[in-house]
Amino acid sequence: MTPEAQGKALCEALSIAPRLRSVPLGLMKAIISGLSVAGIVLPKARAKAELARIGYYYATESMLVWNDTLGRYDADATPEFGCDRLQDYYAKVAIGDVQVERGEHAVF
């Protein structure tokens, strides 16, 4: 599921029109660099830089299994586990059945 599809699913669960924007990877790198420099003296900035690095990783690395024969990542070869769907989770969040506790992982 692409990040765009995830955003659209969340908007659908919240019954709002999607207004999605792409962020260039260069901008993400600049944000990481700025937060890293600020993190030299500000521990909170250092923590935010680490979250940005994690976000960059997931934005740039495939989570699918590499298929040597095909020479590409292969969704069909990637194992699936469980039966939970992101759309169902978003629906529960939207109606208040689930509370999202981000704790230290909150960006703002």
Short side-chain to backbone donor-acceptor contact, T78 and D74, under 3.5 Å:
yes
Electrostatic pair E50-R46, nearest N-O below 4.0 angstrom:
no
Can you confirm whether Y73 sits close enough to N67 that some side-chain heavy atom of one is under 4.5 Å from a side-chain heavy atom of the other?
no
Any D68 side-chain heavy atom under 4.5 Å of W66 side chain:
yes
Close side-chain approach of M1 and M63, heavy atoms under 4.5 Å
no
Working to the nearest 0.5 Å, report the span between CD1 of I31 and CG of L51.
12.5 Å
Close side-chain approach of L10 and P18, heavy atoms under 4.5 Å
no
What heavy-atom pair brings Y90 and Q6 nearest, and what distance separates the two atoms?
CE1-O, 3.4 Å
Applying the 4.5 Å side-chain criterion to the ILVMFWY set and letting contacts propagate, would L27 and Y58 be lumped into a single cluster?
no
Determine the minimum heavy-atom distance between A77 and V65, stating which atoms define it.
O-CG2, 3.8 Å
Between D97 and Y89, is any pair of side-chain heavy atoms under 4.5 Å apart?
no
Looking only at heavy atoms, what is the nearest atom pair of A45 and G39, with distance?
CB-N, 3.8 Å
So which heavy atom on A52 is nearest to which on L35, and how close?
CB-CD1, 4.5 Å
R53 versus S36: any side-chain heavy-atom pair under 4.5 Å?
yes
Heavy-atom pair with the smallest gap, counting every atom of V23 and M28:
CG1-CG, 4.0 Å
Tell me the closest heavy-atom pair linking A9 and Q87, and the distance in Å.
CB-CG, 3.9 Å
